[in-house]
Amino acid sequence: MSVKRNNILAFLFFFAGTYACKKEMGNSSFEGFQQPSNFPAPEYHFETNALTQAGFELGRKLFYETQLSHNNTISCGSCHIQTSAFVHPGHSVSHGIYDRLGKRNSPPIMNLAWSTSFMWDGGIFDLDLQPLAPIANHVEMDDTISNLLVKLGKTTDYPTLFQKAFGTPEITGTRFLKALVQFMVMCVSSHSKYDSVMRNEGASFTSTEQAGYVLFQQKCNSCHKEPLFTDHTFRNNGLPPSGLNDEGRYLVTLNSTDRYKFKVPSLHNIFYTEPYMHDGRYFDLEGVLEYYNSGAQNTTNLDTLLKQNGRLGIPLTSVDKTNLIAFLKTLSDRSFLLDKRFSEH
Amino acid sequence: MQRIFISFIAFSFFLISCKKDSSTTYNSSVKADLSVEFDNIAGSQDLQLNTGKYITESGDTIKSITKLKYFVSNFSFTNMDGTVYTVPQDSSYFLVIEGDSSTYEPNFKVPEGEYKSVSFILGVDSVRNTLDVSKRTGVLDVTSPATADMYWTWNSGYIFYKLEGTSPQVPSMGGMGGNNFYYHIGLFGGKTTSTINNIKKVTLDLTARGTPKVKSGKDTNIHLMVDVLKMFSGTNSISIAAHSMVMTDDYSANIAANFVGMFRHDHTEN
């Protein structure tokens, strides 16, 4: 009898224990930065920005904070929409404050912990410095960081949130930047079908996807290098310059060999990150692939990989394109797009 | 007679004071006050923001100067015996802002002694340009109001030198910018990709115009003149008409080449 009672008690304790664990997981457990096993080591310097739950949550609130713009209308989230892997879908270029237009396509905020530079031209070399650019940009938020820090200091909630994250209520520029980065580096997308296949988690490619993957490795992988689908370099992919004549990385380095080069973008969630290219000129993947098949121009500094065998671009049959698109769709990570941790609270 | 006597006494005092002066002993293990004053001028005139009118060497008219800001950093002082005292990094960065007199005179604590030269850089070195934001304090804090307009947010790096103003030589751009000129000179050489390096080291002899004698209990001041008109001449002649806006631009190197010539030692207050 006593043995039986002990068993029952043990069972109850166990049940209570699992219940408590589950409750904690659902509400407040902060797991910090999780390294996907199929990704390389991150580039971000976590040693100067230790992630905490309070820091991450403050960063998230700041990310969706319209007071970051001069007239309190534009937040980071205005042009970086989570359900589209944090791009601005349907917009070749985004409209910022007073509907002023930028000149380049809003890039995704995803797996930035692995990025070696930021923006299409790589002008920013440290993620901590990245938020300064859209805040100051005349067509984006058009504010000064010192002004917005004053604004945040006058609110009732931010001093408390800075205290929770950093120990004291002071709202300094460094803390502001570090908190935003804590949010951004947590935005890891690594649960696509592709990632599951690579990690041998049970998923497998269909025959079309597999054919697309083989083709991808032959024709795309030298620049869009797995598993992040970028080699972090800058290349001219032969797009005819638009009327803006955007010279890309040249504007940053002033090296003539960088003229018309732009960063090789990641392809994670590519199905959701339309429009494509640095100026968002293509609205679907069919258009992009046909561009590589027949649209590349022999402009200054065209990448040598796009002029092989006396031909510009990358030859792709219609079957090739179908297979490639099937493969590219396996890079979609719906759990990332819908992850409540990254949504406005 | 009386006159001769007075002369004798005066001469004696002179001898005594000379002797006293030449026998000043310095204790190099003691640090004392030394300041370097950056006195911005335009040719033979004091620089007056907004109101002063100036003519460059090549004859261009500057109707007004509306902004002048520049970083000076990495100071070192060379003693008469050649010993170099390098100011510790954490207290070696200054932003001179015309119109804000609190920024004109960087202060240092240096070992007692007589100094024959001062060196500094116009700009911010590549190490500080790539430092973690948490370590960018004081004038290097890119989020502070004074520094924010001395930093390129889109092309990570400090603007070393900024001169803005108006000139009738600036071609009118259909209402865009009026007759304004803008010289925003930066570029530290790049972090991962090599770029232009516009950091300029300035070394000035201090013996010809008054050797600073640094001693505890007094404040020695090295008074430098910084002639903005020299930015338009020297190594390269800069035409305002042809180059009214120079920022991240190959041409910035031509302007930076004139930087060293802007600085001269005027006198020392011992």
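Numbers restart at 1 for each chain; the letters A, B, ... are given by sequence-line order, proteins then strands.
The environment of NZ in A/K225 is sparse: at most 12 heavy-atom neighbours from other residues, nucleotides or ligands sit within 6.0 Å. Within 6.0 Å of atom NZ in A/K164, 12 or fewer heavy atoms from other residues, nucleotides or ligands are found, so the atom counts as exposed in its surroundings. In this structure, B/K67 places its NZ atom where more than 12 heavy-atom neighbours from other residues, nucleotides or ligands lie under 6.0 Å away. Taking a 6.0 Å sphere around NZ of B/K162, one finds it holds more than 12 heavy atoms contributed by other residues, nucleotides or ligands. For B/E57, the CD atom sits in a loose shell: 12 or fewer heavy atoms of surrounding residues, nucleotides or ligands are nearer than 6.0 Å. Within a 6.0 Å sphere centred on NE2 of B/H184, other residues, nucleotides and ligands contribute more than 12 heavy atoms.
Using a 4.5 Å cut-off between heavy atoms, A/D258 touches chain B through its side chain atoms alone. Contacts of B/D149 with chain A are absent, with no heavy-atom separation under 4.5 Å from either backbone or side chain.
Among the residues in residues 121-133 of chain B, those with a non-hydrogen atom closer than 4.5 angstrom to a non-hydrogen atom of chain A are B/N129, B/T130, B/D132, B/V133. At a heavy-atom separation below 4.5 angstrom, chain B is approached by A/R249, A/Y250, A/L251, A/V252, A/T253, A/L254, A/N255 within residues 249-257 of chain A.
Within the 4.5 Å cutoff, the side chain of B/T192 has no heavy atoms near those of the A/F125 side chain.
Considering every non-hydrogen atom in both A/S146 and B/P145, the closest pair reads CB-CG, 3.6 Å. A pairwise comparison of heavy atoms in B/S156 and A/I124 identifies OG-CA, 3.1 Å as the closest pair.
Distance check, rounded to the nearest 0.5 Å: CZ of B/R136 to OG1 of A/T174 gives 9.5 Å. One finds the OG atom of B/S134 at 7.5 Å from the CG atom of A/D128 (value rounded to the nearest 0.5 Å). We find the CG-CG distance between B/N155 and A/L129 to be 11.5 Å, quoted to the nearest 0.5 Å. The line from CG of A/N137 to CH2 of B/W154 is 11.0 Å long, rounded to the nearest 0.5 Å.
Interface check for chain A: of the options B/T137, B/D141, B/I196, B/T193, the most heavy-atom pairs under 4.5 Å are formed by B/T193. When the candidates A/P131, A/P134, A/A136, A/G123 are compared by the number of heavy-atom contacts under 4.5 Å with chain B, A/G123 comes out ahead. Per-residue heavy-atom pair counts under 4.5 Å with chain A were compared for B/L187, B/T143, B/D250, and the maximum is reached by B/T143.
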